[in-house]
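What follows is a short report on a single structure.
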Amino acid sequence: QVQLVESGGGLVQAGGSLRLSCAASGRTFSTNFMGWFRQAPGKEREFVAAISWSVDRTYYADSVKGRFTISRDNAKNTASLEMNNLKPEDTAVYYCAARRRPSVSIQASGYDYWGQGTQVTVSS
């Protein structure tokens, strides 16, 4: 099993920045990718970004490309999401997730472990 705990959410004005962190514990060696997803009220959970634990490769949704940056610290088993130039439409609960298979997925169903989520609210 892998446990994931997110932190860093909050309330920010449009144009501001937030940094989310995800601490992984347990059998982290069994996972290959970390991802960030978000879910706004009444909407489906959507892919935001993903990163490989082993190679320097990142993936982003078009809606956040150029504004968000995903990174990882293998020594600390953490993944982070730096969010800049935030917009009201970025408001959602943000979840980190871990995937066992050695290929990236942008589908929520492709991830095996999930954190509890952290709220991000962007005011206009």
Side-chain angles (χ1 to χ4, degrees):
Q1 286 289 345
V2 175
Q3 294 78 42
L4 304 173
V5 179
E6 303 98 336
S7 61
L11 173 64
V12 65
Q13 288 188 331
S17 300
L18 280 175
R19 183 179 178 88
L20 305 182
S21 293
C22 177
S25 61
R27 299 172 61 88
T28 57
F29 57 86
S30 67
T31 62
N32 284 279
F33 281 86
M34 294 294 291
W36 285 95
F37 287 76
R38 66 188 183 187
Q39 188 166 18
K43 294 189 176 181
E44 292 190 355
R45 195 167 295 190
E46 65 172 358
F47 172 77
V48 175
I51 189 168
S52 166
W53 277 120
S54 59
V55 297
D56 191 17
R57 191 167 296 172
T58 57
Y59 306 83
Y60 296 94
D62 288 343
S63 59
V64 306
K65 204 171 292 183
R67 300 188 297 123
F68 290 12
T69 303
I70 189 172
S71 60
R72 52 156 166 67
D73 184 330
N74 291 52
K76 296 181 179 179
N77 284 334
T78 59
S80 298
L81 186 69
E82 182 74 30
M83 305 184 295
N84 298 314
N85 190 21
L86 283 160
K87 304 176 181 180
E89 51 263 43
D90 294 318
T91 295
V93 177
Y94 283 70
Y95 298 89
C96 73
R99 173 174 166 85
R100 291 195 301 258
R101 294 187 66 180
S103 58
V104 71
S105 174
I106 64 170
Q107 304 297 326
S109 59
Y111 288 76
D112 304 286
Y113 306 103
W114 291 86
Q116 81 288 353
T118 185
Q119 177 70 46
V120 171
T121 303
V122 184
S123 63
S124 57

Which residues pass the salt bridge (charged side-chain N to carboxylate O under 4.0 Å, His left out) test with Glu82, sequence neighbours left out? Arg19

Side-chain cluster (under 4.5 Å, hydrophobic types only) that Val5 belongs to, other residues: none

Judged by modelled atom types alone, do Ser103 and Arg99 share a side-chain donor-acceptor pair under 3.5 Å? yes

Heavy-atom check, side chain of Phe37 versus side chain of Glu46, under 4.5 Å: no

Would you kindly check if the NZ (Lys) or CZ (Arg) of Arg101 is within the cone defined by 45 degrees around the ring axis of Phe33 and under 6.0 Å from the six-membered ring centre? no

Specify whether Tyr95 and Trp114 have parallel, tilted or perpendicular ring planes, treating 30° as the upper limit for parallel and 60° as the lower limit for perpendicular. perpendicular

Anything under 3.5 Å between a donor and an acceptor, one on a side chain of residues 54-61, the other on a protein residue two or more places apart or in another chain? List them.
unit_1 : atom_1 : unit_2 : atom_2 : d
Ser54  : OG     : Ser52  : OG     : 3.4
Tyr60  : OH     : Ile70  : N      : 2.9

Do the charged groups of Lys65 and Asp62 touch, with an N to O distance under 4.0 Å? yes

Decide whether Ile106 and Val93 are clustered together by the hydrophobic rule: side chain heavy atoms of Ile, Leu, Val, Met, Phe, Trp, Tyr closer than 4.5 Å, transitively. yes

All N/O donor-acceptor pairs, side-chain side in residues 23-30, below 3.5 Å, sequence neighbours left out:
unit_1 : atom_1 : unit_2 : atom_2 : d
Ser25  : OG     : Gln3   : OE1    : 3.4
Ser30  : OG     : Arg27  : O      : 2.6

Please name all residues satisfying salt bridge (charged side-chain N to carboxylate O under 4.0 Å, His left out) with Asp112, sequence neighbours left out, ordered by chain then number. Arg100

Any sub-3.5 Å donor-acceptor pair from Arg38's side-chain atoms to Ala92's backbone N or O? no

Starting at CD1 of Ile51, measure out to OG of Ser80 and round the result to the nearest 0.5 Å. 9.0 Å

Restricting to non-hydrogen atoms, name the atom on Tyr111 and the atom on Met34 that form the minimum distance, rounded to 0.1 Å. CE2-C, 4.3 Å

Can a side-chain donor-acceptor contact be found between Asp73 and Thr78 if the only test is distance below 3.5 angstrom? no

In short, Pro88 meets Ala14 closest at the heavy-atom pair CD-CB, 4.1 Å

Separation between CZ of Phe47 and CD of Gln107, rounded to the nearest 0.5 Å: 10.0 Å

Of Thr69, Leu18, Asp90, Val48, the one forming a side-chain contact (heavy atoms from CB on, under 4.5 Å) with Met83 is Leu18

Given side chains that start at C-beta, do those of Thr91 and Gln119 come closer than 4.5 Å, heavy atoms only? yes

May I ask you to test the Leu81-Phe68 pair for a side-chain heavy-atom distance under 4.5 Å? yes

Rounded at 0.5 Å granularity, tell me how far CH2 in Trp36 sits from CD in Glu6. 5.5 Å

Contacts satisfying disulfide (SG to SG under 2.5 Å) that involve residues 7-121 (not counting sequence neighbours) are Cys22-Cys96

Side-chain heavy-atom pair Thr118, Leu20 within 4.5 angstrom cut-off: yes

